[in-house]
Number of protein chains: 2
Amino acid sequence: MDDDDVFKALADPSRRMLLDRLCEKNGQTLGQLCESMDMKRQSVTQHLGRLEQANLISTVRRGREKLHFINPVPLYEVYERWIRKFEEGRLSLLHDLKQQLERNKK
Amino acid sequence: MDDDDVFKALADPSRRMLLDRLCEKNGQTLGQLCESMDMKRQSVTQHLGRLEQANLISTVRRGREKLHFINPVPLYEVYERWIRKFEEGRLSLLHDLKQQLERNKK
DNA sequence: CATATATGCAGGTATTTAACTGCATGTCAA
DNA sequence: TTGACATGCAGTTAAATACCTGCATATATG
């Protein structure tokens, strides 16, 4: 898994919107997703492509339609590798600040 | 808090590297952070500016130095608003897939 | 004060990117 | 088979961005 692809995919509000829509109703077609997107279909396709590259969604063709499914795994990995790490012991921000300011007075 | 600033700040590998460095050792100066960054000081300043705008770091001046401190709060909020949401009930990806494929057969 | 050090600020530029348009392909249904 | 519908693909463009260079300002120290 490529952290960078995931972070870059999440960096765009339209793509987060798409994930939101899929979270409400999984397995939507491109056409359905376009309805809530205020941009051309081709642009939505591009965004979905980036989400798929980041493995945040998977797709299945059903006839002439393409169904999109959200994949929570990369998000969880990002959480594990990035967010939990900063939580632990980093609640000491104020303590660190105070410590540095003390050092200043010497 | 602006979700978008946080996501955009996290989208760049250099900025994630900076957060990593601050996680190892909080309260570093600009000069210290530059040592591990393989780019000009002014570029590092720009990155730190984006991190500060996203409220991911706070800064304090100590004489001619500027100290940088990591702030875990926005990361936790991103987790709460984005990641936990997708975890819950979204482990049913395979179930959803199967369901859609069944619908296909009709 | 004079010098060195730490950081700030103002552009310049090449790359990336997010939108668009136009046309092509594939699938269903009459 | 033919027409309608869902999606794919290629190329264009304007904006964002991640670097850079050059110079300015502020602080510590002799």
Side-chain angles (χ1 to χ4, degrees), chain A residues 2-22 25 27-54 56-69 100-101 103-106, chain B residues 2-22 25 27-54 56-69 100-101 103-106:
Chain A
D2 190 345
D3 274 348
D4 201 54
D5 283 340
V6 178
F7 280 113
K8 286 208 161 57
L10 292 174
D12 186 274
S14 300
R15 288 193 286 272
R16 293 197 301 276
M17 171 88 83
L18 285 168
L19 288 181
D20 245 348
R21 294 291 162 272
L22 287 178
K25 183 170 183 298
Q28 294 189 64
T29 68
L30 173 58
Q32 287 176 307
L33 290 170
C34 283
E35 290 171 14
S36 54
M37 285 307 289
D38 196 31
M39 63 177 64
K40 298 294 174 189
R41 173 183 53 84
Q42 292 89 333
S43 303
V44 176
T45 301
Q46 268 189 320
H47 284 305
L48 290 169
R50 287 184 171 270
L51 289 171
E52 189 166 15
Q53 187 187 339
L56 284 164
I57 63 174
S58 306
T59 61
V60 177
R61 290 212 69 124
R62 184 177 64 186
R64 59 183 166 181
E65 295 174 318
K66 189 172 188 180
L67 306 176
H68 299 77
F69 297 87
Q100 290 285 349
L101 290 173
R103 200 179 300 175
N104 193 7
K105 293 181 185 169
K106 291 177 189 170
Chain B
D2 191 345
D3 274 349
D4 199 55
D5 283 339
V6 177
F7 280 113
K8 287 210 158 58
L10 292 173
D12 186 274
S14 300
R15 288 193 284 270
R16 294 198 299 276
M17 170 88 84
L18 285 168
L19 287 181
D20 246 348
R21 293 291 162 273
L22 286 179
K25 183 170 183 298
Q28 294 188 65
T29 67
L30 172 59
Q32 287 176 307
L33 290 169
C34 282
E35 288 172 15
S36 54
M37 286 306 291
D38 197 31
M39 64 178 65
K40 296 297 174 185
R41 171 182 54 84
Q42 292 89 331
S43 303
V44 176
T45 300
Q46 270 189 318
H47 284 305
L48 291 170
R50 287 183 172 271
L51 290 172
E52 189 166 14
Q53 187 187 340
L56 284 162
I57 63 173
S58 306
T59 60
V60 176
R61 292 212 68 123
R62 184 176 63 186
R64 60 183 167 183
E65 294 174 320
K66 189 171 187 178
L67 306 176
H68 299 77
F69 297 87
Q100 290 285 347
L101 290 173
R103 200 179 301 176
N104 193 9
K105 292 180 186 170
K106 291 180 188 171

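Note that these values count all heavy atoms, side chains included, but never hydrogens, waters or copies made by symmetry. Everything numeric in this text was worked out from a predicted model, so none of it was measured. The chains referred to below are lettered A, B, ... by the order of the sequence lines, with proteins before strands, and numbering in each begins at 1.
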What's the separation between atom NZ in B/Lys25 and atom OG in B/Ser36, rounded to the nearest 0.5 Å?
11.0 Å
Atom CG of A/Asp5 and atom C1' of C/dT17: how far apart are they, to the nearest Å?
14 Å
Rounded distance (nearest 0.5 Å) linking atom CZ of B/Arg64 with atom CG of B/Leu30:
13.5 Å
Below the 4.0 Å mark, does D/dA18 have OP1 or OP2 next to a side-chain nitrogen or oxygen of B/Lys40?
no
Between A/Met37 (CE) and D/dA6 (C1'), how many Å, whole number?
18 Å
Rounded distance (Å) that lies between atom C1' of C/dG26 and atom NZ of A/Lys66
13 Å
Check whether any side-chain nitrogen or oxygen of B/Thr45 sits under 4.0 Å from OP1 or OP2 of C/dA6, and answer yes or no.
no
Sequence neighbours excluded and cut-off under 3.5 Å, please list the side-chain donor-acceptor pairs for residues 44-51 of chain B, or say none.
| unit_1 | atom_1 | unit_2 | atom_2 | d |
| --- | --- | --- | --- | --- |
| B/Thr45 | OG1 | B/Arg41 | O | 3.1 |
| B/His47 | ND1 | B/Arg15 | NH1 | 3.0 |

Can you work out whether A/Lys8 or A/Ser43 has the more 5'-proximal nearest nucleotide on DNA chain C?
A/Lys8
To the nearest angstrom, how far is B/Met39 atom CE from C/dA14 atom C1'?
16 Å
Given side chains that start at C-beta, do those of A/Thr29 and A/Leu67 come closer than 4.5 Å, heavy atoms only?
yes
Would you mind reading off the distance between A/Leu67 atom CG and D/dA6 atom P, rounded to a whole angstrom?
13 Å
What is the distance from CG of B/Leu10 to P of D/dA18, rounded to the nearest Å?
12 Å
Rounding to an integer number of Å, can you tell me how far A/Gln32 CD sits from D/dC5 C1'?
14 Å
Closest listed nucleotide, where the reference is the side chain of A/Leu30 and the choices are D/dT17, D/dG8, C/dA18
D/dG8
Which one of B/Asp5, B/Asp4, B/Asp12 satisfies the side chain to side chain donor-acceptor pair (under 3.5 Å) criterion with B/Lys8?
B/Asp4
Give, for atom CZ of B/Arg21 and atom CD of B/Gln32, the distance between the pair rounded to the nearest 0.5 Å.
12.5 Å
Value for CE (A/Met17) from CE (A/Met39), rounded to nearest 0.5 Å, stands at 8.5 Å
Starting at atom CE of A/Met17, determine the distance to atom C1' of C/dA18, rounded to an integer number of angstrom.
15 Å
Considering just the side-chain nitrogens and oxygens of B/His47, establish if one lies under 4.0 Å of OP1 or OP2 belonging to D/dC19.
yes
Pick the closest DNA chain C nucleotide for A/Gln46 and for B/Thr29 by heavy atoms, then say which residue is nearer the 5' end.
B/Thr29
Across nucleotides 23-30 of chain D, 5' to 3', mark each nucleotide with B, S or - according to how protein heavy atoms within less than 4.0 Å reach it.
----BS--
